[in-house]
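Comments concern the structure below.
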2 protein chains.
Amino acid sequence: MTIAPLKNEPSSRDRILDVAEELFARRGYSGVGMKEVADGVGLGKSSVFHHFKSKAELYAAVCIRILARIEDRFVRSLAAGGTPAVRLDRCVGDLLDVLAEHPTHARLLLRSMFEDDDLPDDGPEGRAVYEAVGGILEPFSSLLKEGMSAGEFRLASVSHVMLLLIGPIVFPFASGEFGQQVLGKDVFDAAQVRRLKSELLDLVRVGLHAPSAE
Amino acid sequence: MTIAPLKNEPSSRDRILDVAEELFARRGYSGVGMKEVADGVGLGKSSVFHHFKSKAELYAAVCIRILARIEDRFVRSLAAGGTPAVRLDRCVGDLLDVLAEHPTHARLLLRSMFEDDDLPDDGPEGRAVYEAVGGILEPFSSLLKEGMSAGEFRLASVSHVMLLLIGPIVFPFASGEFGQQVLGKDVFDAAQVRRLKSELLDLVRVGLHAPSAE
DNA sequence: ACTCATTCCGACCGATCGGTCGGTTGGTCG
DNA sequence: CGACCAACCGACCGATCGGTCGGAATGAGT
């Protein structure tokens, strides 16, 4: 069957994506050579170019796969019911969980925001990335608006609050050695993740809560 | 006078640092070539190598200059009196101001956390960076502890809260086009900076405040 | 006038970059 | 069987990488 590679062994394409994700997260787009990726997979360089016709396309594919994983969990978490406050709590927590489970994600995500030069912004891959990001930001924005008009969150500029909130969610898991140095322990250690999550949720809950009305 | 270049014209060395800072912030360490830096300054490549003996040293010099600027403002802001809550408010605000005044700073700072591979961690420059970071983190940590034991802030893990707070402070000004897309306007526009600052201070004030005691 | 250090440059080095090319497998069809 | 095709490879391309070297200016000190 050519249409169903239902084997347990991951395809070469997936293994290339895995290796590339790890390397791009650690050293950035221009810090990684295609030879390095190929060696990591155990293939020749030209074989990598057989699966992805350019470095930019490989990078875009890595980003899209990550965004898809995050979007998937995020919208599922958002779809589950509850008041805006409950839903915010749950989906911020779930977001942290995804980032904690895949140590490469936060870093690569942050990097891809900086290196927009590298991405072929106009190509179809750039479009896909753009849509995936929108698929995450838009429902989040709606949730905040909903909570404010329901009187659960204090009134504030939704876009500014969103931009602010992305920081503490993504940064800790992207900080790598720096974060380890601050905490004294591995950021991805289960106990640290739990601690980080509880502190962040405390901060968000109280920081966004409407002051007078309950 | 060889020891006092007190002219108004910036020295070649400083102009190299300026150009390199701009480029490193936009494209990262390995995304920038020494030729590019030299062209930006209007010098030959070998002239740049006359002032900085390697690319890594140039990068470290850029980082140190930025950290020094931030540390300077930060410790000055911290030294001024007031209760812990007042001092936290003021120095977070001042921190935002520095980052807003120099659009390259936040991005380069974040990048340098990711690219610890590129920095010669064991060399004297690496040491200088390390100390500059410590010079900022340590007084901040002390401030938080002080506020907690004084009962002004709610009790929490100082290190985790610190790691969390760095996110919303640095990220918005590092987000570049992404931030612009979220806000709909330039992140470094004076009005947006004001808005961002007020939202962040609201969030921090309420989010860290002790719940019961006043 | 002679020296000496600073600043700058063009030419060059070996290595590596992203990417191409021609060709060889091995498996799946008709 | 022969045709086809995805997967893979080694060899190679021009360009660029970080870095070196010898020398040409310039100016201050003596």
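Below, all heavy atoms of this structure are taken into account, side chains as well, without hydrogens, waters or symmetry copies. So you know, we letter chains A, B, ... as the sequences are listed, proteins then strands, and number each from 1. Since the structure is predicted, the reported quantities are computational estimates derived from the model, not experimental observations.
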Per atom distances to the S47(A) side chain, the nearest of dG18(C), dC8(C), dC9(D) is dC9(D)

Would you please confirm or rule out a distance under 4.0 Å between OP1 or OP2 of dG18(D) and any side-chain N or O of S54(B)? no

### Message
Categorize V32(A) for me: base, sugar-phosphate, or nothing, with a 4.0 angstrom heavy-atom threshold over every strand shown.
### Response
sugar-phosphate

Separation of dG18(C) atom C1' from Y29(A) atom OH, nearest Å, is 9 Å

Query raised in the report: Is any NZ, NE, NH1 or NH2 atom of the basic residue among D94(B) and R90(B) found under 4.0 Å from an Asp or Glu carboxylate oxygen of the other?
Result: no

Rounded to whole Å, CG of L43(A) lies from C1' of dA6(D) at a distance of 13 Å

Quick note, M34(B) side chain, CB onward, closest among dG18(D), dC9(C), dA7(D) is dG18(D)

Regarding the side chain of F49(A), the nearest nucleotide among dG18(D), dT7(C), dG18(C) is dG18(C)

Whole-Å distance, K35(A) NZ to dC17(C) P, equals 8 Å

Separation of dG18(D) atom P from E57(B) atom CD, nearest Å, is 15 Å

Closest to the side chain of K55(A), out of dG10(C), dC9(D), dG18(C), is dG18(C)

With side chains defined as the heavy atoms from C-beta onward, is the minimum distance between S175(A) and L163(B) less than 4.5 Å?
yes

* To do: Would you please classify the geometry between the Y29(B) ring and the Y59(B) ring as parallel, tilted or perpendicular, with 30° and 60° separating the classes?
  => perpendicular

When rounded to whole Å, the CZ to P distance for the pair R15(A) and dA7(D) reads 13 Å

At 4.0 Å (heavy atoms only), tell me whether V41(A) reaches a base, stays on the sugar-phosphate, or touches nothing. nothing

May I ask you to evaluate whether S46(B) reaches the phosphate of dC9(C), defined as a side-chain N or O under 4.0 Å from OP1 or OP2? no

Quiz prompt | R76(A) with E71(A): basic N within carboxylate O range, under 4.0 Å | solution = no

In whole angstroms, the gap separating C1' of dC5(D) from NE2 of H51(A) amounts to 13 Å

Taken to the nearest whole Å, OH/Y59(A) to P/dG18(C) is 14 Å

Per atom distances to the H50(A) side chain, the nearest of dG18(D), dC8(D), dG19(C) is dC8(D)

Flag for T104(B)-E21(B): side-chain donor and acceptor within less than 3.5 Å = yes

Here the distance between atom C1' of dA7(D) and atom NZ of K45(A), to the nearest Å, is 18 Å

Closest to the 5' end of DNA chain C, once S12(B) and K53(A) are matched to their nearest nucleotides, is S12(B)

